[in-house]
Amino acid sequence: MMRRKTLVIALAVLFVLSGGYVFAQKWSAETMKKIEELKSMAGAKKEMAKSMPGVTEIKAEELKSWLDQGKKFVLLDDRTKSDYEKEHIPGALRLAPDDLEPDAKAAEKLGLKKDDIIVNYCNGIRCWRSPGTIVFLSELGYKNLYWYREGIPDWIKKGYDTVEGKEVGTWKK
Amino acid sequence: MEEKKKGIDWSNLWKNEDWLAVWIGFILIVLVIVAHQGKLIDLKKVTPSFKWATDGQIESRIDSWNKAIDPLIKDAEAKGEPGTVNRLQALKEALAKKDRKDIASAAEKVQRIGGLPAAVATEIGGHTKAIPNKVFTADNITRAVKIGVVYLIIATIGLKLFGGVPLGKFIIGFPIVFILAWLSRFIAGNALPTDYGFEYVVFALIIGLLISNTVGIPEWLKPAVRTEYYIKSGLVILGAGILFFEIMQGGALGLIQGILVVAVIWYFCFWFATKVLKVDDDFAALLSSGVSICGVSAAIATCGAIQADKKKLSYVTGLVLIVAVPMMVIMPWIIKASGIPEIVGGAWIGGTLDTSGSVVAAGALVGEAAMKTGVIVKFSQNVLIGVAAFILSIAWTLKACKAGAAGAEKPSARVIWERFPKFVLGFLVASAVFSFLLHIDTVSATKSLLGELRTWWFALAFMSIGLETRFLDMAKMEGGRPAAAFIVAQAVNVVWTLILAYLLFGGIIFPVPDIR
């Protein structure tokens, strides 16, 4: 009898703990729902939304002129490490939603300030990672978010400069 | 006690080859998922590569590659994409120098542009990177050996439960069959068969036939020649690759075309084969699935579902692959020559051509939109493999019951259940789990490894078919009638699908879909 009681208690404790683990998420349910939606769209190879509420769109030409002018802003490459190392826009730091999901502090660690102008890009219109990063960053309270939706394939087509390797690189006018 | 009276024999769950196949399939699927979730191994480093092209093969392709690149450069110039032009020109320069390393790296840079240039560059890069020696590196060989060992262990345990198989002989024989399967995949991995969509199944069959009909197979090898066992295990894993959400990719149009093509052509082929050419029902069902759903997987799944003679399966598989070759060349030519709109052409190709690979290749010859539409339509149609396997397995079970009951007696639910091919359930469960339960990340991360595992089972199965078939048996295969039925049905399929593609994707009933 005794043994069965302990077993029941142990199971109950385990149940509560596991529930606690599931609910102690780093991100709000709403944010995670958006992320899941983006992932499943990418999984089905669908085009991402044309725009995101509260986010400013930026085109290649404007981004290039910002770089040319030496404007103060943060350029974020939201792709995987291996994609980044193959080729990225000079000066772009890397921050993927895959890093943010398990670690909300990843943005802070990278040195992002809440009022920074942050331009996000990834692998183009079917890539979920730049809208994904934007979803995470907006929950964290970043306000000046920009989205270069067409991303690196468009940048390459335009014939603008890129760099290879781990180094962030600097933009040369 | 109750159960004993009803006579439910639980040992069926391991004494029956169908159930064993289900467990083997599930165990492998679970192993892959656990390995992925627990990050135990890098899934990308499990599958061996079989792709290879000789230097001569590369050189002989350079001309046609250049011809594929030139219109892309013109197109990019017209669209005002200097970056695309530069990279394509760099690729042409690398091709002119004939250095495989340079070509591969230039091709990779083009791949990042996406779209049609990427498709062409993937083809070029894939071939140039595939240096023959890479297949024989220690790492690559070890990968295949590991898969072989896992299969040997699992298959041996299964047979031990099954009973009645000399396990010692199986353990000695299995590696031989596995090595032969490896050889068939190696041959199929060469650039030439790859170009024509000649898959490993054909080579497995040929090698098997050659061995059994020349030197013959020794007695001790026979326990390892187990077509049914291998094919069913592979089919359960195939279920994990049949994803219901893929049917939604093409939207409603892809779905409508898929259903209309498969249903109409399936019935036409079946009717024509059985009534006009007097081909038997099993054979006709295999032919119908091969033509309508288009593909080796569809034929294999049908064969399992209706428990048909495996020799018929090999006949149909060969037909499917051979008939696809002229179609791959002729269809893009017709589309271009007669000015069929790209999207309509793509839907046409996707609805009639065999493997996804050949759809991409033929679609790319027409244009980017054609390639994308083709792949979408093909995917939607593939999902119907599951539906067809399910319906056919029930229909054939009922048919067998009726024939067995011989007269007025209605077959009881139990008899139907007993005759039902159980592995179809495993196939459907795997498909449902991967379509609805698992996270999309897990599905896409495990997709290629599961495909690899399925391929090994099928390679083993087709090798076994070859090893247990006499040339004489092949000659007795109802002569040319099934082939005639197939070709007629395929011709009707080509016309019917073109009409549907025009109606659905040509802006006649619905607006032209926005595929770029």
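What you see is a predicted model; the values in this text were computed from it and never measured. Every chain is numbered from 1 and lettered A, B, ... according to where its sequence line falls, protein lines coming before strand lines.
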task: Give, for atom CG of B/N86 and atom CD1 of A/I156, the distance between the pair rounded to the nearest 0.5 Å.
output: 12.0 Å

query: Do A/I152 and B/R112 have side-chain heavy atoms sitting under 4.5 Å apart?
result: no

- prompt: Do NZ/NE/NH1/NH2 and the carboxylate oxygens of A/E47 and B/K372 come within less than 4.0 Å?
  reply: no

message: Can you tell me if A/E62 has over 12 outside heavy atoms packed within less than 6.0 Å of its CD?
response: yes

field: 4.5 Å side-chain heavy-atom contact, B/K109 and A/E164
entry: yes

task: Kindly indicate whether the side chain of B/H439, heavy atoms from C-beta on, has any atom under 4.5 Å from the side chain of A/K39.
output: yes

query: Counting heavy atoms not belonging to A/K114, are there more than 12 under 6.0 Å from its NZ?
result: yes

field: Side chain, backbone, both or neither of A/K158 within contact of chain B (heavy atoms, under 4.5 Å)
entry: backbone

task: Measure across A/P153 and B/I113 and return the closest heavy-atom pair with its distance rounded to 0.1 Å.
output: CB-O, 3.5 Å

message: Quick one, A/K157 with B/E77, criterion salt bridge (charged side-chain N to carboxylate O under 4.0 Å, His left out). Give me CA distance, side-chain angles, the key distance, then yes/no.
response: CA-CA 11 Å; A/K157 279 181 196 165; B/E77 275 168 351; over 6 Å; no

- line: Output for pair (B/D441 CG, A/D98 CG), nearest 0.5 Å, gives 8.0 Å

message: Would you say CD of A/E61 has more than 12 non-hydrogen atoms from neighbouring residues, nucleotides or ligands within 6.0 angstrom?
response: yes

A/Q69 CD: over 12 foreign heavy atoms closer than 6.0 Å: yes

